[in-house]
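Structure, as structure tokens:
Residue numbering restarts at 1 for every chain, and letters A, B, ... go by the order of the sequence lines.
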Amino acid sequence: MPELPEVEIFRRYVDATALHQKIRSVDPRSTYILETAPRSMEQCLKGHAFDSTRRRGKYIFAALDDGDFLALHFGMTGSLKYYKDQADEPEYTRFLIEFTDNYHLALVMPRKLGAVQCVPSVEAFVQEKELGPDALEGIPDFGSFQHVLEGRKGMAKSVLMNQKIVAGIGNTYSDEILYQAEVHPKKSIDELDDGVLKTIFTKTGYVLRTAIDRNADPDCFPDSWLIPQRHEGGRCPQCGGEVRNIKVSGRSAYYCPNCQSL
DNA sequence: ACATTGACCTGAGAGC
DNA sequence: TGCTCTCAGGTCAATG
């Protein structure tokens, strides 16, 4: 599921493939994910080129040469594919950009839970969505982390997943972070002492950074991690006990009842 | 103002 | 085989 590490890999993919090429046409296959009208979308992109990219949480912003941005969100099934021949167009292409050199950039998304739009300013967009600081780059030290959590009362997992508090962490990585910090997903955040909070902060950086270093490919994650065991019948790498699955705010949370007690 | 829940989307996989 | 049901988890609106 595209959380911060996957989205960062997508961002680098755009950097490596689709920059500095003039856009010939835009083909919105699904208006459902379009948050900018098709006409203004075309006006925004056609004849322009992407200069650079930025990421905030789970959003990518591709900067156009006239100052606008294309904002991309991948929902839970989104990905990008860059290719030349029309015959190589992936199934479930929901938004398609064609460059003047005949290459294509497709937003592929079986479930239409993502979004595409043109925005004049990243800052205004972030403000409108009330996005919190980026989980990796927006929280430089433990003091900032404490500040971000100030006054929060919810369950640890829900807090980590709340994009208005910290942007970029979703269901899968919140489980990993709490597993490594040995915190029960339902533990109230305001009941944790500074030592534990500091561990959560440290593990957040470690987990996200390591995932990016390994191409956000779970097959390459360390054996000591929960994610490879995050399924029915999975075993805790630490104690060998069975991993448990419970519902936390309507999401399925995996954890080790032995290592992460309440 | 905050926390929590349910709806949306649609393919995969289970069960009958 | 083929139908129905449940589940996955991103965000957002509605509810507590």
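- Rounded to whole angstrom, the span from the NZ atom of A:Lys186 across to the C1' atom of B:dT4 amounts to 12 Å.
- The 5' end of DNA chain B is approached more closely, in terms of each residue's nearest nucleotide, by A:Ile165 than by the other of A:Ile165 and A:Arg251.
- Scanning atom types as modelled, no donor and acceptor separated by under 3.5 angstrom connect the side chain of A:Arg94 and the base of B:dT10.
- Under the 30°/60° scheme for interplanar angles, the aromatic rings of A:Phe10 and A:Phe74 are found to be tilted.
- Ring geometry for A:Phe50 against A:Phe99 counts as perpendicular: the plane angle is over 60°, on a 0 to 90° scale with 30° as the lower cut.
- Distances shown here put every side-chain N or O of A:Lys247 at or beyond 4.0 Å from the OP1 or OP2 atom of C:dC7.
- Atoms CG and OH, on A:Leu107 and A:Tyr92 in that order, are 15.0 Å from each other to the nearest 0.5 Å.
- At whole-Å resolution of the value, CZ in A:Phe74 and C1' in C:dA8 are 19 Å apart.
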Could you list all N or O pairs between the protein and nucleotides 12-16 of chain C that sit under 3.5 Å apart?
unit_1, atom_1, unit_2, atom_2, d
C:dC12, OP1, A:Lys129, NZ, 2.7

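- Counting to the nearest Å, the P atom of C:dA8 and the NE2 atom of A:His231 are 14 Å from each other.
- Side-chain atoms of A:Thr93 and A:Arg29 include no donor-acceptor pair closer than 3.5 Å.
- Comparing B:dT10, C:dA8, B:dT4 by their closest approach to the side chain of A:Ser158 singles out B:dT4.
- Comparing A:Gly154 and A:Met76 against DNA chain B, the residue whose closest nucleotide sits nearer the 5' end is A:Gly154.
- One interatomic measurement links the two molecules: CG of A:Leu34 to C1' of B:dC8, which rounds to 17 Å at whole-angstrom precision.
- Under the 4.5 Å side-chain heavy-atom criterion for grouping Ile, Leu, Val, Met, Phe, Trp and Tyr, A:Val196 is connected to A:Leu178 within one hydrophobic cluster.
- One can place CZ of A:Arg56 at 14 Å from P of C:dT11, the figure rounded to the nearest angstrom.
- Closest to the side chain of A:Lys153, out of B:dA3, C:dT11, C:dA8, is B:dA3.
- Remark: C1' of B:dA1 and CD of A:Glu150 are 15 Å apart, rounded to the nearest angstrom.
- At a threshold of 4.0 angstrom between heavy atoms, the contacts of A:Ser252 are confined to the sugar-phosphate backbone, with no base atom among them.
- Between A:Arg111 and B:dC8, a side-chain N or O to OP1/OP2 separation shorter than 4.0 Å is absent.
- An OP1 or OP2 oxygen of C:dG10 is reached within less than 4.0 angstrom by no side-chain nitrogen or oxygen of A:His73.
- What separates NZ of A:Lys112 from C1' of B:dG11 is a distance of 13 Å, to the nearest Å.
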Quiz item: Could you walk me through whether A:Asp141 and A:Ser144 pass the side-chain hydrogen bond (donor to acceptor under 3.5 Å, both in side chains) check?
Solution: CA-CA 6 Å; A:Asp141 48 45; A:Ser144 324; 2.5 Å; yes
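- In the set B:dC9, B:dG11, C:dG10, the nucleotide with an atom closest to the side chain of A:Glu3 is C:dG10.
- Residue A:Tyr92 is classed as a sugar-phosphate contact, given heavy-atom separations below 4.0 Å to backbone atoms only.
- Among the nucleotides C:dG10, C:dT11, B:dC9, the one closest to any side-chain atom of A:Gln163 is C:dT11.
- In this entry the distance linking CG of A:Leu72 with C1' of C:dG10 reads 15 Å, nearest Å.
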Donor-acceptor list for residues 155-170 of chain A side chains, cut-off 3.5 Å, not counting sequence neighbours:
unit_1, atom_1, unit_2, atom_2, d
A:Lys157, NZ, A:Asn171, O, 3.0
A:Lys157, NZ, A:Asn171, OD1, 2.6
A:Lys157, NZ, A:Ser174, OG, 2.8
A:Lys157, NZ, A:Asp175, OD1, 2.7
A:Ser158, OG, A:Ser249, OG, 2.7
A:Asn162, OD1, A:Lys164, N, 2.9
A:Gln163, OE1, A:Gly168, N, 2.8
A:Gln163, NE2, A:Met161, O, 2.9
A:Gln163, NE2, A:Ile169, O, 2.9

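- Within the 3.5 Å criterion, the main-chain N or O of A:Ala211 finds no donor-acceptor partner in the side chain of A:Arg209.
- In this structure, the nucleotide among C:dA8, B:dA7, B:dC2 sitting nearest to the side chain of A:Arg152 is B:dC2.
- Within the structure, a side-chain polar atom (N or O) of A:Lys58 is placed less than 4.0 Å from OP1 or OP2 of C:dT11.
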